[in-house]
Amino acid sequence: MNAPASLNNVLSDDLVRRALDQAGTRRPVEALSEAIGLAGPQFVATAAAYFGLKPMGLTDLRACTPDFEAISFLECNQRLTIALTTADQRTLVVLTDPLDTRTRGWAAERMRQRRRNKLGWGLTSTEDLRAFLAQAERSMRAMDAVESVTAGPRANDSQAVSVALADISASSSPIVRLVDSTIHDALKALASDIHFETHQGGLTIKYRVDGVLEVVKRVDGLEAAHHVLSRIKVLAELDIAERRVPQDGRIKVSVGEREIDLRVSVMPNIFGEDAVLRILDRNNLGGESRQIKLDNLGFEPAVLDFIRRLSSLPHGLLLVTGPTGSGKTTTLYAALAEINTGLDKIITIEDPVEYQVQGVLQIPVNEKKGLTFARGLRSILRHDPDKIMVGEIRDPETAQIAVQAALTGHQVFTTVHANNVFDVMGRFTNMGVDSYSFMSALNGILAQRLVRLNCPRCATPYRPPAELLARSGVDKRAAYTARFRRGLGCTHCRGTGYKGRRAIAETLGMSDRMRDLLGARAPISQIKAEARETGFVGLREAALNAAMSGDTTLEEINRATPVE
């Protein structure tokens with residue numbers, strides 16, 4: 001976060017004196033920021049270099065531990081100053097106004113009284129400090145009195161658990177407050193999963209936001225960790241006495257008038273149990289109140305045209321492939337939403353039903369009651385469907401029925417796990433599906449990944465180092481004309497530099513020539529050459545285009561796609 005050399009010369013003693021004179025009722029730092037025309041990370045870096053302070057962004061703050069014994073939480077909010085303990089056990093006092101000599105003198109005296117001898121000084125923005133304090137407040141509120149818990153939590157008899165702030169604060173149990181506030185904060189952060197990880201020292205809670213895990217809370221003590229896991233199991237109607245085998249369940253929570261499902265997976269470990277809560281918000285996409293549409297997913301125009309063209313066909317098989325969490329089901333639902341005119345009978349079978357679509361018959365798999373994908377799909381074919389969506393093809397029986405349905409005049413949308421469009425044939429062959437029948441039924445394949453996007457508020461142009469360009473397979477000539485950008489980290493993106501995700505994809509349509517090659521199990525090189533003659537763009541190429549246009553970073557596409 002060091003300021004560029006050209007910016008270090010922006011400040012001068014004359015400008016500082018002028019900012020102090022013209023501050024009026026404003027804080028001097030605001031007048032100084034306005035005088036030099038810089039704000040945010042650039043102002044912090046420039047001012048820190050001039051005043052001899054350490055520049056601190058939100059990520060830097062989170063790498064330290066707040067010392068609320070030295071400067072209380074209330075004083076931090078009042079004076080916009082905080083004391084931190086660094087990784088090497090030094091005390092760092094972080095200011096937001098380098099011109100406020102009174103606050104700096106007060107903080108120095110406070111550190112002397114508290115005998116904080118290894119002392120350093122830093123500078124951060126008011127926005128980043130407030131965001132850091134807000135996160136600290138949530139952790140303190142949730143874990144208040146957790147260490148004093150000695151009795152297990154009581155069951156909640158209501159079917160839907162309310163996680164409104166008023167209900168959380170009204171609860172007398174600290175364990176209930178911890179679990180409910182964790183779920184509430186996860187929904188607010190647009191997390192897709194909540195991880196409760198038990199270890200030797202207690203419990204660590206993580207959110208998966210935009211596909212990446214981040215630590216949000218820690219609870220000391222194994223006893224408290226066991227109580228938290230018991231509370232989750234009670235809500236999910238699982239056996240709290242059984243700690244030796246995995247268990248799966250569901251929790252329904254209400255936020256205002258919305259009801260959201262949480263799919264719960266509890267797994268034993270050497271210190272107790274871990275739990276993962278998958279957030280399934282059926283009423284919207286990505287936590288925002290908007291209809292699921294293909295245009296909202298970020299696909300390139302050519303990919304959108306491919307999906308729409310294949311979705312409008314009267315029969316056949318459309319496959320979407322990719323790893324878990326790559327947005328396959330969302331893509332299929334967006335396609336269904338566009339063709340759902342009310343003229344066709346559309347039936348889906350899923351595990352679980354993730355989105356609700358009006359006018360579509362949606363069937364949840366219930367293996368405990370004997371309703372599997374295969375059995376449900378056989379029953380669907382007797383229900384006069386026009387279009388069928390199968391949540392996932394997992395076994396040979398489901399694969400056989402799906403192919404036969406596509407051959408007998410139905411349009412079938414489904415997902416399968418494969419690395420790319422060319423590996424799908426091998427997956428169906430391994431499940432015993434006749435290659436001729438499969439190729440006759442198949443209309444096309446879409447393989448997709450999700451990549452994080454640069455934060456629109458803090459993203460700035462940058463030039464990747466030569467080593468990263470080489471590791472990413474980027475030609476020097478192409479790198480010279482590219483518009484690389486990266487996020488610096490701000491309150492809007494929670495200090496990560498990324499905000500939101502978009503889909504990248506590769507598509508493979510079925511021509512007679514391609515059917516012959518796939519059916520004859522031709523070499524992959526020959527199949528790829530034929531695909532490229534028809535305009536095929538691979539996943540890696542699509543990812544590189546996104547990075548070089550400034551939508552994301554090379555580090556992110558290297559995480560999501562392999563270098564070819």
Side-chain angles (χ1 to χ4, degrees), residues 1-7 38-42 45-46 57-59 209-212 294-307 322-323 326-327 419-421 446-490 492-508 528-529 531-564:
M1 195 174 171
N2 292 330
S6 58
L7 292 180
L38 294 176
Q42 283 190 328
T46 303
L58 188 56
T59 303
V209 180
D210 290 337
V212 178
L294 285 170
D295 292 327
N296 294 335
L297 304 183
F299 286 119
E300 293 294 328
V303 177
L304 289 175
D305 179 69
F306 175 86
I307 299 172
S326 60
N419 291 327
N420 54 59
V421 294
L446 170 77
Q448 70 177 66
R449 299 290 189 276
L450 294 177
V451 295
R452 292 182 293 170
L453 298 174
N454 286 322
C455 175
R457 296 190 184 179
C458 66
T460 59
Y462 91 113
R463 182 59 53 187
E467 184 272 333
L468 177 59
L469 291 172
R471 182 157 43 89
S472 305
V474 179
D475 181 74
K476 290 183 179 180
R477 185 177 302 175
Y480 182 76
T481 59
R483 295 175 297 170
F484 290 110
R485 298 170 75 239
R486 73 183 315 159
L488 299 175
C490 64
H492 184 62
C493 61
R494 300 166 64 91
T496 63
Y498 299 97
K499 184 68 175 179
R501 290 188 290 177
R502 59 161 281 197
I504 56 171
E506 63 182 18
T507 60
L508 185 64
K528 286 186 177 181
R532 292 199 178 278
E533 287 186 9
T534 60
F536 174 80
V537 177
L539 268 174
R540 181 64 185 181
E541 189 176 348
L544 281 171
N545 290 338
M548 290 193 289
S549 64
D551 292 340
T552 186
T553 63
L554 290 176
E555 293 90 344
E556 175 63 11
I557 68 166
N558 289 344
R559 184 187 67 85
T561 61
V563 179
E564 295 179 352

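One is the number of the first residue; the rest follow in order along the sequence.
- Expressed to the nearest 0.5 Å, how far CG of L539 lies from CD1 of I504 amounts to 5.5 Å.
- N558 and R540 share a side-chain donor-acceptor pair at under 3.5 Å.
- Side-chain atoms of S326 come within 3.5 Å of backbone atoms of P323 as a donor-acceptor pair (strictly under, hydrogens ignored).
- Residue pairs meeting the ring pair (Phe, Tyr, Trp, His ring centres under 6.0 Å) criterion with at least one partner in residues 537-564, sequence neighbours excluded, do not occur; the list is empty.
- The shortest distance between side-chain heavy atoms of E541 and N545 falls below 4.5 Å.
- Between T507 and V303, the shortest heavy-atom distance links the atoms CG2-CG1, 4.1 Å.
- Here the OH-CG distance, from Y498 to L453, works out to 10.0 Å after rounding to the nearest 0.5 Å.
- In terms of heavy atoms, C493 sits closest to C458 at SG-SG, 3.8 Å.
- Heavy atoms only, all atoms of each residue included: N454 and G487 are closest at OD1-N, 3.7 Å.
- Atom-to-atom distance recorded for L446:CG and L508:CG is 10.5 Å, nearest 0.5 angstrom.
- Looking at R502, R483, R485 one by one, the single match for side chain to side chain donor-acceptor pair (under 3.5 Å) with D551 turns out to be R502.
- Between L469 and D475, every side-chain heavy-atom pair lies at or beyond the 4.5 Å cut-off.
- Identified under the ring pair (Phe, Tyr, Trp, His ring centres under 6.0 Å) test for residues 536-558, with sequence neighbours left out: F422-F536.
- Within the structure, every pair that satisfies the salt bridge (charged side-chain N to carboxylate O under 4.0 Å, His left out) test and touches residues 448-458, not counting sequence neighbours, is listed here: R452-E556.
- The two residues E506 and N420 have their closest heavy-atom pair at OE2-CB, 3.1 Å.
- Closest approach of A547 and L554 over heavy atoms only: CB-CD2, 3.9 Å.
- For the residue pair G327 and L450, the shortest heavy atom distance occurs at N-CD1, 4.1 Å.
- A salt bridge between E467 and R471 is present, with a side-chain N of the basic residue lying under 4.0 Å from a carboxylate O of the acidic one.
- Enclosure of atom CZ in R463 by more than 12 non-hydrogen atoms of other residues, nucleotides or ligands within 6.0 angstrom is indicated.
- Atom CG in L488 sits 9.0 Å away from atom SG in C455 (nearest 0.5 Å).
- Rounded to the nearest 0.5 Å, atoms CG (L297) and CG (L304) are 8.0 Å apart.
- Side-chain polar atoms of R486 and T553 form no donor-acceptor pair below 3.5 angstrom.
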